[in-house]
Amino acid sequence: MEYTDAFFEKIVQSARYGIWVIDECCITQYVNPSMANMLGYRVEQMLNQHLFNFLDVQGVEAAKINLARRRQGYEEQHEAIFQHKEGYAVYTMLVTWPVFDESGNYKGAIAGIVDDAQRQTMLHELTEIKEKLQLFDKVTLDGIIIHQGGRIIELNDASCRMLAGSRSELMERDFTAMCVPESKQLVIQAMQSESINKLEIKIQTTTGKALNIEWTSKRMLYRGDSVRVSVLRNVTQYRQAQTALEQIELTNQALIENAPEAIVLFEPTSGKILQANSKSHAIFGLTGQSIYDYSIQDLLAEQDGKLVGYGHAFDSLLQLANSCLAPMAEIKIKHASGALIDCELRLVAIQWQGRSLLRASLLDIRARKQAQSKMHQLSSALEQSADMVLITDKQGTIEYVNQATILTTGYSQAELIGSKPDVFNSGQHDKSFIKNLWATILKGHAYRDVLTNRKKSGEIYYEEKTITPLKNDQGEITHFVSTGKDITERMEIQANLRHLAFHDVLTGLPNRALFNDRLKTGWLNAKRHRQQMALLFFDIDHFKRINDTLGHDIGDVLLKQVAKKLKKGLRGSDTVARLGGDEFAVILNDCKDENAIRHTAEKIIQLINQPVKLADRELFVTTSIGIAVYPQDGKDSQALLKNADVAMYRAKAAGRNTYMFYRQEMNAHAFERLTLESELHRAIQQREFVLYYQPKVCLQTGHILGVEALLRWRHPKMGILLPDKFIPLLEDTGLIVPVGQWVIEQALADYTYWYQQGLQQVKLAVNLSPTQLKDVKFVETLQLALAQHKLSTSCLELEITENTMMEDGEKAFVLMQQLKQLGVHFSIDDFGTGYSSLAYLKRLPVETIKIDRSFIQDIGIEQEDEIIVRTVIAMAKNLGYKVVAEGVENLEQVRFLKSLECDVAQGYLFSQPIPAEELVLHVHDLQHQAADLCH
């Protein structure tokens, strides 16, 4: 066979591994298709391109080193990482041969490159290694991975657990990519070495968690291929524990160094000092390292083998400390100056750096002993003092009280020593007061004030107190001395004088001076906070007549009784004052609305209207009240007072026993109400009330079943007035009883007339008010009216509202039972607008429920109202009630109600309310119209 150039070219072109030829400048002269395909290029795209264009930054640096070795004639076999056209790394095994010309000049190089895909056969050959690794994995916590370059080709289960990934997830990943940036470069450099590498690195698991890893790696040849075996040992917890221990050690050192006492560590047998903090140097007067030249015994003052101040040998303390006790003793230590210093010594046995040592804590107690000495002197000097003396430490704990304190407060010395001064707290000083007291004395200033305190018996006493801080030589506060005098008697005298200056002697109410002050204060607060305030000014109607006829003594008793009622009946926050004579005033601060003002005015009238018992007689008096409101009725306190006075006289002009607002529009409202009330009396006398009737229609047949009597007022000036204009006033004045009686009598008279005209199948419905249901004579009155017109109770239906039943349920229930026994029928009017319960409805002798017009009018508009109507009708049917729908105005409502089997309808669709005579004239037309509408 002839081996031509074409033959060899065909072999190179068809080779499954890559072949790459570069010149001396690293310019690509030839690549075979396998090489180009390996990196994702076409052959022509790689020709004449620099080798470095196909390497990453790290690969370029490695290539420069390899290039220098090739120029020296070395052949290379090593791992190489190329950059794929798509940007990811391609891991290869590369073999290079340098090319030289006849003169020995370097002309370039030829490389044979095996890609990752061609290494897959090697994985099968690693099965034996894998089995051994799996066996080893059962007894080790270390991770073991096998990789070529950085690409993982095998790993044990411990590695999966450590790296938080499955085997399939971790296989083929780049191990170097899992290293944090500061560790990655170290790993790559180490992988270039042939020797065993051991580093501590940081890697990130698949979950992002950082681990400290002790990494050991070795390059190995397996069947001609280079692989690297790495052992991973997780030392994260060890490093954390090591860091924590270091931190604890630093913290302990900081605590020792900054401790308030001197701390010395020494060897138990020899007493040699091994460590001492800066306070130790200061307390012994030693500088630098000189303290370490002494033993602990050298620094303690002794006399006759015993510690000065303690009275026993130092060895006795050592024995106690070595017995796991912590003995404490007051001793004296030697200062470098020769002075002896009083100290408090505590010994503790400790373990330090594997050794058993003793720790001595020394606290300078000279200041404390000096303070105790002074305290003893003070207690001797002050024990006989007439003033109360109390001494506390800096925290406020009582250390001394003198005899005057015990006699004044009633507490024993044992009860006070060790307690806090708040044992005397009366609760009359707020937190800001106490806070200010402590802030003053802790700054080192004396505090002076009058305190309201409480004795052990609970009795309040006033103490003129001075609290003075005590300081040591260093200017530090160590104690507080409190001195005080019981000034209760003086305070009571001053309080009585103050009360007399600002209160009325006769009634005890604030006088004009205090009133003016509070009025001005209230006005300023209202102005500042943009609030309303009201002034009510009033006097006793015809008080002069009482004084003139009964005498001033009786007048004074009356004023006292009025004042007593006002104080008891009004709020404590309202200022009630007597301004002089029979004039009184009330200040209402922060009034939310005018209703609250009206309520107070009405309450005052009610209180004063109550009879006053004077000796053998009862006196009935009234009052007239004028009201001025800030800001609309006056910009200052005096303007308010003046305008309230004007309003009071307007109230008197309106008939007395009432109130008037200064504002014109409110006066007009009050005048209109008063006028309307007087006109109601006239309306009864002049027979201005009339009855209108509205038919009730059966929805199934269209027949008129009954009519409802509706009250109207034919006012001579305003025309026909509807009930909502005058019924509430009738209720308030009690005129509803005579008017209600007239309604029943007139309705029965009209019914008699209809009956005579042939209208005999119609039932008469009349509305009852709550007041009528409370009238014990109502049953008798109704029976007389029926008998007068020779009518049966079966013709009558009485309509009551839910709220009527709830106002006085038991009385209403009894009266309804009596009427039911007489044959009267009942219906619930305006059902759904009140608060009655089904259980309560069931008790009542009710036959019919009338659904309020507010629910009917939105049928076809509001789905919620339709649901309510549907529910009420279903409920009523289940309970055996008939149902009447009020306010029916269109055919859509009729169809809806008929679909629910509602019994009766009433509304403008069938007829407006009309007078009795028109009902008879048009009854047939109304009947035909109703029948057409219902069919």
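Quick note: numbers below take in every heavy atom, side chains included, and nothing from hydrogens, waters or symmetry partners.
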For the residue pair [X] and [Y], establish whether any side-chain heavy-atom pair is separated by less than 4.5 Å.
X: Leu299; Y: Ile273; answer: yes
X: Ile263; Y: Lys279; answer: no
X: Leu163; Y: Phe175; answer: no
X: Ile22; Y: Arg70; answer: yes
X: Tyr292; Y: Leu286; answer: no
X: Ile283; Y: Ile333; answer: yes
X: Arg355; Y: Leu274; answer: yes
X: Leu347; Y: Phe266; answer: yes

Taking only residues two or more places apart in sequence, or in another chain, which ones meet His84 in a ring-ring contact (aromatic ring centres under 6.0 Å, His included)? Tyr88
Considering non-hydrogen atoms only, spot the tightest contact between [X] and [Y] and give its length.
X: Val264; Y: Ile296; result: CG1-CD1, 4.3 Å
X: Lys394; Y: Trp438; result: O-CZ3, 3.8 Å
X: Gln29; Y: Asp23; result: NE2-OD2, 3.1 Å
X: Ala36; Y: Met46; result: CA-SD, 3.6 Å
X: Met35; Y: Ile113; result: SD-CD1, 3.2 Å
X: Ile153; Y: Met171; result: O-CE, 2.8 Å

How long is the span from the [atom1] atom in [X] to the [atom2] atom in [Y], to the nearest 0.5 Å?
X: Asp174; Y: Cys179; atom1: CG; atom2: SG; value: 8.5 Å
X: Asp342; Y: Arg366; atom1: CG; atom2: CZ; value: 8.0 Å
X: Ile868; Y: Gln863; atom1: CD1; atom2: CD; value: 11.5 Å
X: Glu61; Y: Phe52; atom1: CD; atom2: CZ; value: 8.5 Å
X: Ile152; Y: Leu170; atom1: CD1; atom2: CG; value: 6.0 Å
X: Met162; Y: Thr205; atom1: CE; atom2: OG1; value: 11.5 Å

Donor-acceptor pair, [X] side chain versus [Y] backbone, under 3.5 Å?
X: Asn66; Y: Ala62; answer: yes
X: Asn322; Y: Leu318; answer: yes
X: Thr96; Y: Ala111; answer: no
X: Arg368; Y: Thr478; answer: no
X: Asp298; Y: Ser295; answer: yes
X: Thr92; Y: Leu94; answer: no
X: Glu862; Y: Asp865; answer: no

Between [X] and [Y], is there a side-chain N and carboxylate O pair less than 4.0 Å apart?
X: Lys435; Y: Asp430; value: no
X: Arg167; Y: Glu154; value: yes
X: Arg346; Y: Glu261; value: no

Mind checking side-chain contact (heavy atoms from CB on, under 4.5 Å) for Val95 and listing every partner two or more places apart, or none if nothing turns up? Gln77, Trp97
Side chain to side chain donor-acceptor pair (under 3.5 Å) with [X]: which residues, sequence neighbours excluded?
X: Asp56; answer: none
X: Thr397; answer: Lys420
X: Gln49; answer: Asn53
X: Glu44; answer: Arg42

Going through the checks in order, is the side chain to side chain donor-acceptor pair (under 3.5 Å) test met by Ser290 and Asp293? CA-CA 6 Å; Ser290 60; Asp293 297 332; 5.8 Å; no
Would Phe284 and Tyr294 count as a close aromatic pair, with their ring centres under 6.0 Å? no
Is there a side chain to side chain contact (heavy atoms under 4.5 Å, CB included) between Val231 and Trp215 once you walk through the steps? CA-CA 6 Å; Val231 178; Trp215 176 63; over 6 Å; no
